[in-house]
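Here's the structure we're looking at; comments come further down.
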Amino acid sequence: MKKGDHLFLVDGSGYIFRAYHALPPLTRKSDGLPVGAVSGFCNMLWKLMVSARDTDVGVVPTHFAVIFDYSSKTFRNELYPEYKANRSAPPEDLVPQFGLIRQATRAFDLPCIEMEGFEADDIIATYARLACEAGADTTIISSDKDLMQLVGETVSMYDPMKDREIRVPEVIEKWGVPPEKMIDLQALTGDSVDNVPGVPGIGPKTAAQLLEQFGDLDTLLARASEIKQNKRRESIIENADKARISRELVRLRDDVPLVDGLDVLTLQPPNGPKLIGFLKAMEFTSLTRRVAEATGADAAVIDPADIVVERGEEAHGPDVGAGEQVPTSDLAGKGAGSAGPVASKGASAAAMAGTPTPANLVATRAAEALAASIDRTAYVTIRDLDTLNEWLADARETGVLSIDTETTSLYPMEAELVGFSIATRPGKAAYVPLAHRNGTGDLLGGGELLPGQIPFAEALAVLKPVLADRSVLKIGQNIKYDWVLLDRLGLTMAPLDDTMLISYVLDGGSSSGNTGGHGMDRLAERWLGHTCIAYKDVAGSGKSQVTFDMVDIERATAYAAEDADVTLRLWRLLKPRLVADGLTSVYERLERPLIDVLGRMERRGIAVDRQILSRLSGDFAQAAAALEDDIYQLAGERFNIGSPKQLGDILFGKMGLAGATKTATGQWSTSARILEDLAAEGHDLPRRIVDWRQLTKLKSTYTDALPGFINRDTRRVHTCYSMASTSTGRLSSSEPNLQNIPIRTTEGRKIRTAFVAEPGRKLISADYSQIELRVLAHVADIPQLRQAFADGIDIHAMTASEMFGVPVEGMPGEVRRRAKAINFGIIYGISAFGLANQLSIPREEAGAYIKKYFERFPGIRDYMDETKATARDKGYVETIFGRRAHYPEIRASNPQVRAFNERAAINAPIQGSAADVIRRAMVRMEAELEKAGLSDVEMLLQVHDELIFEAPESLVDKAIPLIRSVMENAAMPAVAMRVPLHVDARAADNWDEAH
DNA sequence: GTGGTCTCCTA
DNA sequence: GTAGGAGACCACA
């Protein structure tokens with residue numbers, strides 16, 4: 001939104017009541033359904049959308065939204081429980097119209113916005129503020145006095161029934177005070193309809209006069225004794241508190257955590273057929289005719305739409321999630337309109353197809369994609385600059401460039417660019433070889449560049465401006481890899497789209513795991529019915545594998561150009577599905593902006609002290625060797641301690657120890673748990689085995705392996721983050737995995753001391769405290785948990801206290817430990833079996849604990865049941881930000897499979913919401929640091945609930961509070977959590993001390 | 001050499 | 001009981 005734009009905000013809830021009372025009561029559909037208010041509403045919307053210039057407002061809106069009350073319960077009830085308490089139930093023939101009005105709004109393709117905990121007025125106030133900040137004007141379609149406090153230079157109101165605009169003079173004329181004093185005026189007068197107390201005996205006239213005399217409410221209350229009239233003075237002094245609470249009740253919040261910004265409210269031309277379908281169903285014949293004339297649609301051939309009549313008062317759309325603004329597909333559809341030059345082209349293509357709904361576009365594209373065959377012989381090898389320039393000009397023309405780099409390594413931080421492929425239209429793809437060679441350049445000779453390749457620097461020079469061109473969308477499959485590689489070469493790509501991430505948002509969850517994830521080969525099979533050339537068919541595999549620069553250019557062209565072509569085709573197919581499925585904002589807020597954030601983190605890497613690791617390796621080796629001697633002695637023979645099979649035979653075969661259990665495959669289990677139990681019985685050997693395993697694990701996985709990941713050039717370790725490999729929305733880290741560096745044991749912790757800051761700098765670690773339990777407290781809305789988190793109490797002790805009736809003071813450690821295990825169990829989709837295992841107690845006892853827990857926290861059981869039901873119903877569950885995780889196998893007939901999927905479905909919204917929160921923090925972090933003059937503070941690592949930064953020592957004190965603030969407020973404004981988030985942060989020279 | 005199994009490190 | 005990645009072993013090719 002920009003200066004000169006004009007936003008219309010319709011107070012839908014206010015309108016419906018006013019229309020109901022103002023219009024003839026007898027308007028009914030032929031089946032008796034009362035639709036008088038709906039009819040008035042539709043006529044008004046149509047008029048405002050197409051001929052607002054003819055009204056008293058006299059301008060054409062550029063942005064438009066209809067705002068509703070979500071329910072009668074809002075934050076005001078917490079301030080004043082009696083608020084709106086005397087409001088009687090709405091008339092019976094109005095009730096079904098609440099839902100119809102929302103359906104009408106969607107039929108008009110207008111954003112339909114409501115939010116739990118806030119009134120429509122608060123949402124209106126927030127959007128009006130945002131519009132004002134953007135330099136735009138706002139007209140509020142309402143005549144409600146509660147909204148008049150918002151009127152000002154850029155905000156006016158419009159009474160649609162009187163066709164009259166309300167500006168500052170009109171407010172003064174009606175109430176005797178300017179808009180900015182309306183809050184104080186209402187605080188004094190109160191409101192009998194909403195049960196706002198006010199000061200008894202003070203009406204609007206008196207209130208206006210008093211405010212005129214004293215200026216504002218605070219001054220009036222402070223100097224009340226100066227009032228001459230006895231009765232009035234006494235009343236005000238006595239009811240000062242009522243006036244203050246009233247002021248808080250009538251003051252509108254303009255900081256509502258909106259899910260969608262102003263751009264989503266952009267007014268689209270009316271969708272004739274869709275609207276007519278609704279109007280016909282409602283039997284609004286004259287409006288149907290007017291709409292048909294205006295949109296050129298033939299009403300005769302359009303069938304009436306299906307109308308859902310809801311009888312309850314809570315008449316929300318079916319897609320309203322608890323605590324969320326309605327992220328309807330309508331809204332998402334609008335959002336996609338602003339996705340750049342490409343989306344608009346897609347939209348016009350769909351319009352030509354005649355039925356421009358997102359779902360139809362998706363269907364058309366899917367059919368197209370399957371029908372089109374892929375012809376590898378049409379691919380081009382670009383060997384000169386002129387041809388390359390022609391192709392890049394075509395990219396500027398189409399506004400899209402599918403790109404894929406070919407390199408010598410899977411690690412983008414050490415890979416060398418060998419060539420790149422591009423595609424500008426489906427089927428039009430080319431490969432640009434840059435560094436193919438005629439051999440490895442070993443003793444046999446060779447290693448020279450092959451002829452017929454554009455000089456490296458010249459090719460990059462012409463590519464660079466296109467990659468940086470904001471009007472050309474760069475599309476890739478796992479484009480973070482290409483981004484990092486090209487960024488190293490000084491080429492920065494923006495804006496980006498990633499087919500892997502689009503697929504991840506659309507089809508994330510266990511279903512994608514079973515079908516091979518979101519890799520391109522898999523997506524091509526699934527969506528295009530096409531089998532891509534396998535990498536190993538081009539470069540070989542195993543010992544005979546060669547790097548891509550050794551691949552024959554013709555062969556490379558077929559392989560590489562196909563990748564770019566397939567990626568472009570997938571993008572055309574999958575991108576519209578985001579809109580159709582209402583997942584645009586998940587992609588736009590949680591995935592797309594994270595690509596370059598993670599890319600920079602990977603590029604920065606973290607310093608690892610080789611000496612420390614090498615010393616630790618030596619220590620571990622020595623200690624392990626000593627244990628090996630003991631072990632052979634105790635066992636009476638030498639064997640491979642690392643072989644569970646051999647170890648099992650020694651322990652349970654040769655020595656005949658009791659307590660043996662078998663693994664799934666019938667082997668003796670030698671897990672740490674079993675060995676610990678044996679050790680507790682006084683057996684020495686199992687104890688040594690456990691210790692030996694720990695040392696060898698630390699040595700092989702960490703102290704020996706990590707130095708191999710230190711990059712030759714940067715001398716730092718650069719992990720690779722995967723954005724699309726978990727079912728819940730978490731990231732994963734590999735090569736090396738820096739999300740599982742030891743911390744639990746003292747020996748293991750030492751490894752963290754090897755992760756260090758450069759001289760003069762510090763590492764800062766900031767981690768969320770109990771974020772998943774807080775998410776649970778929020779989504780399941782558990783009063784005791786909310787209270788405990790609000791008060792900062794030890795949550796596990798509180799749980800124990802609730803369950804076992806033990807006071808928190810002097811609680812035995814074992815009691816708290818059990819409660820803690822239960823709390824974690826809940827997050828994991830508890831089972832008696834699992835809890836029993838965790839606590840080493842009988843299954844019956846564990847079952848009794850769980851029963852007890854659910855008695856104390858019935859809301860948790862309800863939440864779990866509801867989550868399972870949704871998963872069965874829809875096949876997926878959602879995080880609080882709308883990310884979906886699919887669990888189709890929750891309907892499996894196999895009880896084990898089903899139970900597993902139920903637990904996963906319970907866990908996913910909790911784990912996933914927490915993952916979304918930290919993603920949001922990461923997306924915002926860099927800009928916030930920069931704004932605070934802290935651009936030298938660098939985000940390096942993410943470990944699920946922790947972020948690691950490296951900062952110059954001098955900036956640490958300023959950085960810590962800012963980092964905490966960004967992390968703690970990361971859910972806002974999309975979700976106002978009912979539980980505060982808490983972040984601990986610390987700085988030190990190494991990761992061990994910082995954490 | 002590849003893939004399955006077991007074990008163990010993290011949140 | 002959730003979500004990951006990785007090393008070692010071992011049977012198979």
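Naming: A, B, ... by sequence-line order, numbering from 1 per chain.
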Q. Using a cut-off of 4.0 Å on non-hydrogen atoms, how would the nucleic acid contact of A:Asn640 be classed: base, sugar-phosphate, or nothing?
A. sugar-phosphate

Q. Contact class for A:Arg730 (heavy atom, under 4.0 Å): base, sugar-phosphate, or nothing?
A. base

(Q) Considering every strand and a 4.0 Å limit on heavy-atom distances, what is the contact class for A:Thr696: base, sugar-phosphate, or nothing? (A) nothing

Q: Would you tell me whether A:Thr408 and A:Thr547 have side-chain atoms, one donor and one acceptor, within less than 3.5 Å of each other?
A: no

Q) Hey, does A:Ile741 reach any base, or is it just sugar-phosphate, or nothing, if we go heavy atoms under 4.0 Å? A) sugar-phosphate

Q) Please give, in whole Å, the distance from C:dC9 P to A:Gln646 CD? A) 9 Å

Q) Touch check for A:Ile827, heavy atoms < 4.0 angstrom, all strands: base, sugar-phosphate only, or nothing? A) nothing

Q: Classify the nucleic acid contact of A:Glu735 as base, sugar-phosphate or nothing, counting any heavy atom under 4.0 Å across all strands shown.
A: sugar-phosphate

Q: Rounded off to whole Å, could you give me the OH-to-P distance for the A:Tyr828 and B:dA11 pair?
A: 10 Å

Q: Among C:dG7, C:dG5, B:dT5, find the nucleotide with the atom closest to the side chain of A:Ala705.
A: C:dG7

Q. Is a side-chain donor-acceptor pair under 3.5 Å present for A:Gln646 with A:Asp649?
A. no

Q) Are A:Thr701 and C:dA6 close enough that a side-chain N or O sits under 4.0 Å from OP1 or OP2? A) no

Q: Would you indicate which nucleotide in C:dA6, B:dA11, B:dT7 comes nearest to any side-chain atom of A:His944?
A: B:dA11

Q: Let me know the distance between CG of A:Leu947 and C1' of B:dT10, rounded to the nearest Å.
A: 16 Å

Q. Could you state the CH2-P distance from A:Trp692 to C:dA8, rounded to the nearest angstrom?
A. 10 Å

Q) Counting only heavy atoms not in A:Arg843, do more than 12 fall under 6.0 Å of its CZ? A) no

Q: Give A:Phe900 one of three labels, base, sugar-phosphate or nothing, depending on what nucleic acid heavy atoms sit under 4.0 Å from its own.
A: sugar-phosphate

Q) Base, sugar-phosphate alone, or nothing: which one does A:Leu698 contact when heavy atoms must sit under 4.0 Å apart? A) nothing

Q) Are any of the side-chain heavy atoms of A:Ile860 and A:Phe854 separated by less than 4.5 Å? A) yes

Q. Do A:Thr670 and A:Arg693 have side-chain atoms, one donor and one acceptor, less than 3.5 Å apart?
A. yes

Q: Examine C:dG4: is either OP1 or OP2 under 4.0 Å from a nitrogen or oxygen in the side chain of A:Ser733? Give yes or no.
A: no

Q.
Test ring-ring contact (aromatic ring centres under 6.0 Å, His included) on A:Tyr849 and A:Phe804; report intermediate values, then the result.
A. CA-CA 9 Å; A:Tyr849 281 170; A:Phe804 306 118; 5.5 Å; yes

Q) For the side chain of A:Gln911, counting heavy atoms from C-beta on, which of B:dC9, B:dC6, C:dA3 is nearest? A) C:dA3

Q | Side chain A:Lys697 and base B:dC9 donor-acceptor under 3.5 Å | A | no

Q: Check every strand shown and say whether A:Glu772 touches a base, only sugar-phosphate, or nothing at a heavy-atom separation below 4.0 Å.
A: nothing

**Q.** Between C:dA11 (P) and A:Gln667 (CD): distance, integer Å
**A.** 9 Å

Q) What is the distance from CD1 of A:Ile918 to C1' of B:dA11, rounded to the nearest Å? A) 10 Å

Q) Base, sugar-phosphate, or nothing: which does A:Ala905 touch, judged by heavy atoms less than 4.0 Å apart? A) nothing

Q: Write down the distance between CG (A:Asn740) and C1' (B:dC8), rounded to a whole number of angstrom.
A: 9 Å

Q | Exercise: do A:Thr753 and A:Asp992 side chains pair donor with acceptor under 3.5 Å | A | no

Q) Using a cut-off of 4.0 Å on non-hydrogen atoms, how would the nucleic acid contact of A:Ser727 be classed: base, sugar-phosphate, or nothing? A) sugar-phosphate

Q | Nucleotide nearest A:Thr665 (side chain, heavy atoms from C-beta), chosen from B:dT5, B:dC8, C:dT2 | A | B:dT5

Q.
Measuring to OP1 and OP2 of C:dC10, would you say a side-chain N or O of A:Ser643 lies under 4.0 angstrom away?
A. yes

Q) Counting side-chain heavy atoms from CB outward, which of B:dT7, C:dG4, C:dG7 is closest to A:Arg693? A) B:dT7

Q.
Using a heavy-atom cut-off of 4.0 Å across all strands, would you classify A:Ala899 as base, sugar-phosphate, or nothing?
A. nothing

Q) Rounded to whole angstroms, how far apart are CH2 on A:Trp668 and P on C:dC10? A) 18 Å

Q. Any idea which of C:dA6, B:dC8, C:dT2 is nearest the A:Asn907 side chain?
A. C:dT2

Q) Reckon A:Gly825 touches a base, only the sugar-phosphate, or nothing at all at heavy-atom distances under 4.0 Å? A) base

Q: Using a 4.0 Å heavy-atom cut-off across all strands, classify A:Thr663 as base, sugar-phosphate, or nothing.
A: sugar-phosphate

**Q.** From B:dC9, B:dT7, C:dT2, nucleotide with atom closest to A:Pro644 side chain
**A.** B:dT7

